[in-house]
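First comes the structure, then the notes that go with it.
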Amino acid sequence: MKLLFIGQTAIWEAMVVAEAYLGNPHPSQWRLWGQVEAEKAGGPVYIGTDVRGNEVYTLGVPHPWIAANIVKDLQEICYPRGDKVETFTINVGGQAVTRLLSRIAAWPVIGGAAFLLAGYRVRKKADRLIALGEEIARFYAPVEKPMLAAKPWLGKTET
Amino acid sequence: MRVVYHCYGGSHSSALAAAIHVGYLDPRRLPSRRELMSIPYYDKTDDNDFGRIKLVGIDEDGNQVYCLGQMDFGGMSKNLYGLLELIGVKDEFYLVPTMPYVNYLLMVGGNLSRKRSLPLIGRPLIVWGSRLAYHRLTRLVEQVKVNIKDRRTGG
């Protein structure tokens, strides 16, 4: 299965949620943080593979819900062929501004300032985005942990 | 092969091109208002239809023809092809953008009829705009049919 996180940009908010989903909540682990070039080619951006072997992608479009509809319909039309794709639309405020700043980041002179501002704005809401990614991970790719009893059984039997 | 004509709303230029493709309209003469209004999905969509891929019909070669409204999808074809590649069905689809064939009458008429819910004012403009764009759209459809045949034969 493939998981597609759809936001208004592929390399800011949606990417943070996807990385948190993959168990990478620290900014130093975000390989594609602000990589405007990665988004320029268009289409989904590969982020990584989760513990269950699901490939994780992000997509940046002005209206994420439309992309989710398109994916759903494409899968229905092609059923049973094609890979299963699960979509998650990222509904966090301020994405339109991030998208605009991300576009301006490619401009000369003021591009650098726009890039820094976009990064600052996303970092400010990173906690919420990370919590969202971790929440999704709990349902879709729970990390296997050994079962632990509250009290160890000592092997005593009632006599 | 599945042919998807796509534009902003999915209810005018793409629906019209799809209707020409499957043979609902005669490409040699301009359609009447009645013929236009009888096209499936033509000026009949609402906000819930954005991103919905709707089957219009099947052409003489057995290709399924769809129309799609996707608003401003941000690099429309690139993102659509990207999604097709993600699902692994890119080779089955042929995407045709019809936005370059949309004139101002279709834009204003479509906005009034669909977005502002004023079909009484918008519809005459849409019909006028559709008739103006008709011959360009028929040429587009002819080219699409040739391209599909070429793709099938590996040309």
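Keep in mind that what you see is a predicted model, and the values were worked out from it rather than measured. A, B, ... follow the sequence lines: proteins, then strands. Residue 1 opens every chain.
- Residue B/Lys44 places its NZ atom among more than 12 non-hydrogen atoms of other residues, nucleotides or ligands, all under 6.0 Å distant.
- Heavy atoms of B/Asp49 lying under 4.5 Å from chain A are absent altogether.
- Between B/Leu16 and B/Tyr5, the closest side-chain pair of non-hydrogen atoms is not below 4.5 Å.
- Ranking B/Gly69, B/Gly88, B/Gly82 against chain A, the residue ahead of the rest is B/Gly82, based on heavy-atom pairs under 4.5 Å.
- Using a 4.5 Å cut-off on side-chain heavy atoms (C-beta onward), B/Leu86 and A/Leu4 make contact.
- Contacts of A/Tyr46 with chain B are absent, with no heavy-atom separation under 4.5 Å from either backbone or side chain.
- With a threshold of 4.5 angstrom between heavy atoms, A/Ala68 does not approach chain B through any atom at all.
- For B/Asp46 (side chain) and B/Asn48 (main-chain N/O), a donor-acceptor pair under 3.5 Å exists by modelled atom type.
- Applying side-chain hydrogen bond (donor to acceptor under 3.5 Å, both in side chains) to B/Tyr42 and the options B/Ser130, B/Ser14, B/Ser11 leaves one that passes, B/Ser130.
- Between A/Met1 and A/Arg52 the shortest side-chain heavy-atom distance does not fall below 4.5 Å.
- Contacts between residues 5-16 of chain A and chain B, defined by a heavy-atom separation under 4.5 Å, are made by no residue at all.
- Enclosure of atom NZ in A/Lys72 is not indicated, since only 12 or fewer non-hydrogen atoms of other residues, nucleotides or ligands lie within 6.0 angstrom.
- Residues B/His21 and B/Lys145 have side chains in contact (heavy-atom distance under 4.5 Å, counting atoms from C-beta outward).
- Counting heavy atoms from C-beta outward, B/Pro40 and B/Tyr24 have side chains that approach closer than 4.5 Å.
- Aromatic ring centres of B/Phe50 and A/His63: separated by at least 6.0 Å.
- Proximity to chain B among residues 77-86 of chain A is limited to A/Ile77, A/Cys78, A/Arg81, A/Gly82, A/Asp83, A/Val85, judged by heavy-atom separations below 4.5 angstrom.
- For the pair A/Gln95 (side chain) and A/Ile90 (backbone), a donor-acceptor distance under 3.5 Å is present.
- When heavy atoms are compared at a cutoff of 4.5 Å, B/Leu68 approaches chain A solely by way of its side chain, counted from C-beta outward.
- Without hydrogens or angle criteria, B/Thr138 side chain to B/His135 main chain gives a donor-acceptor distance under 3.5 Å.
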